[in-house]
Amino acid sequence: MLENIKKLISYYEEVISLPHRNEVARELRNEDDFFLLLLYSEMLGIPNPVYYYTLELYPYIIEDFHDWHLRMGMDKSPLSGIRCC
Amino acid sequence: MNAIVVALIGIVIFILGYRYYSKFVAEKIFRLDPNYVTPAHRYKDGVDYVPTNKFVLWGHHFTSVAGAAPILGPAIAIYWGWLPAFLWVVLGTVFAAGVHDFGTLALSVRNKGYSVGTIADKLIGRKGKLLFLFIILILVLMVNAVFAWVISNLFISYPSSVLPVFIQIPLAIWIGYAAYKRSKKMLIPSLVALAIMYLTAILASRFDFLQIDLVRFMGGEDGAGLFGLGSVSTAFLIWIVILMVYVYIASTLPVWKLLQPRDFINSHQLVVGLGILYLGLIFTNPSISAPAINESPDKSLLPLLFITIACGAISGFHGLVSSGTSSKQLNKETDARFVGYFGAVGEGVLALVSILAVGTLFANTDAFSQAYASFSDANAIGLGNFVEGAANLAQGLWIPTEIATTIVSIIVVSFAATTLDTSVRLMRYIIAELGIEYNIKPLTKTHVATSVAVLSSTALVLIPEGPNGFGSGGYLIWPLFGTANQLLAAISLFLISIWLKRRGSNYLVTLIPMIFVIFMTLYAMFQQVFFEWSWFGSGSNMLLFVLGAIIFVFAIWIALTAFHELTKKQDDPFDRE
């Protein structure tokens, strides 16, 4: 019985959060894109005073970068320094 | 006639319609395939295209389509008696709305999750798309005017509902912030918000000083207002201005800040409202005092009934929701039947209870006939009667009348306000899109487009002088709103018919409702545009004449294009892709 009520509540929770989900996901994706831009700014010719630290993040971010350039309609990485695919 | 029996008959027909008719349409006509890779899977991006459980998607779809319109239409249409309204809601839902909502969903799923506007572009060319944009533009313009009018009138008639509705705004912003910035669950905050709103409602209905009654502040109904307008008209003007300033801000904010959290609170209100009304119906066991058929109406039932009840029987707006968001989230193609058709059934259930709430309000048939003496009376008092009737039903659950009245009016205002927010936003997008199509740069700017939207809506509700004096705009254009909405539904049904024909399916299931809807629209438009609003008509009004004439021309254009498209032989452009 308790299990069923819990299921019902989680269903209800999902229904009301559904329209919110894509908006939140979109905002987060925009933030991520902005972060990527900051991270790779040096390669785009924008001076980055903390590039020494952002460099360390590259291995962690490479998959996100790959997703990003695919989403932007580029089959291959646009930056020659990064060969993600 | 006993109201519970009528409700049961309606619900049984809905169930049979869903169980048998929608199954037939899904399997034999649309030939839904459980193995078809839906856009949600093919283009899965975690943002727009997300495969979603069908029950969850149904919940979302239903709460998006159900609003104030399925309440308002039946509350007015009961003027012709409860039976015609009942039959149109029940049969319209089963044979027209269900197929329409379900069909637009299936059509969009088979076409990459595109919206009906884009599909119109592909199926009948750029002209089709522009036509679509213009009709939606006129439709949302009227939605803005009608719903602003509805809210202002409810604020004047039920001043105790003002404070709870205003409290909803900061509460919604708080929920949006909690959910987005802190990724918290939304259920508890939105239930708390609802509890605060209803607590305020109880207090406001008990204590006069919590009621923001502008008319009373100006010395009652006979008091003097501003600009020599009288107190009621001044109160109306003030509310319209406040509402328009509010929608300007609400429609330019990101949706997660105000619009969506408001929707969460309102979806609870929908559940609470339907629960109270149907339970109240069972406990009070009322009989319907309205006549089954009004034998001497001053306006003919044919065709006006079919445009007075738009949402609740068939509504073009639903197609925008079906093809806009729901189609991008459909997990399996076969789920379309449950989400689309059953979503329409959900709204039919709301329209049905609206008929019963108004039908059981009066002590006897004479009292009903006196109140609903003419069609214009029905227009003016319909919504107020729904609020009173619903409060009567709520008494069955031991809720005192004044509190029930306040809560029901809050529910109606909240629905109308969300529709208003969304439609002003939609209007802004359409104006911007037209700006791009015709290369008018300024129109593509957010604030220019929003200003055009808000100012034209304000003008439409305030300018026309009519039987209700100042502010008759919203009241006069209700039938026009119905026709534009039905026309949109007809275009969607037309697109589905073309698609079905090109796939070699039997397209009569969508063509017959389409012919019915377009015939009623043309008939109603012809009657109103030429015999009422034109310069030689009984209620000459140039603004309505122009708007009506545009819609009339569009309707004829669609009927001709439909005839042409359906009689010529052509391949499906999507199949070729």
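To find a chain, count down the sequence lines: A is the first, B the second, and so on, and within it residues start at 1.
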Region of B/S64 in contact with chain A, defined by heavy-atom distances below 4.5 Å: neither

Rounded distance [0.5 Å steps], CZ in B/F264 versus CD in A/E13: 9.5 Å

Spacing of A/R29 atom CZ and B/D45 atom CG [to the nearest 0.5 Å]: 6.0 Å

Chain A contact via B/L57 - which portion, at a heavy-atom distance below 4.5 Å: both

Nearest heavy atoms of B/G46 and A/A25, plus distance in Å: O-CB, 3.5 Å

Side-chain heavy-atom pair A/Y12, B/H268 within 4.5 angstrom cut-off: yes

Side chain, backbone, both or neither of B/S267 within contact of chain A (heavy atoms, under 4.5 Å): both

Closest heavy-atom pair and its distance - B/H60, A/V15: N-CG1, 3.8 Å

Whether over 12 other heavy atoms sit under 6.0 Å from A/E3 CD: no

A/Y11 to B/W58 - nearest heavy-atom pair and separation: OH-CE3, 4.0 Å

Distance (rounded to the nearest 0.5 Å) between A/E14 CD and B/L187 CG: 12.0 Å

Distance in Å, A/L18 CG paired with B/Q260 CD, rounded so as to fall on 0.5 Å steps: 9.5 Å

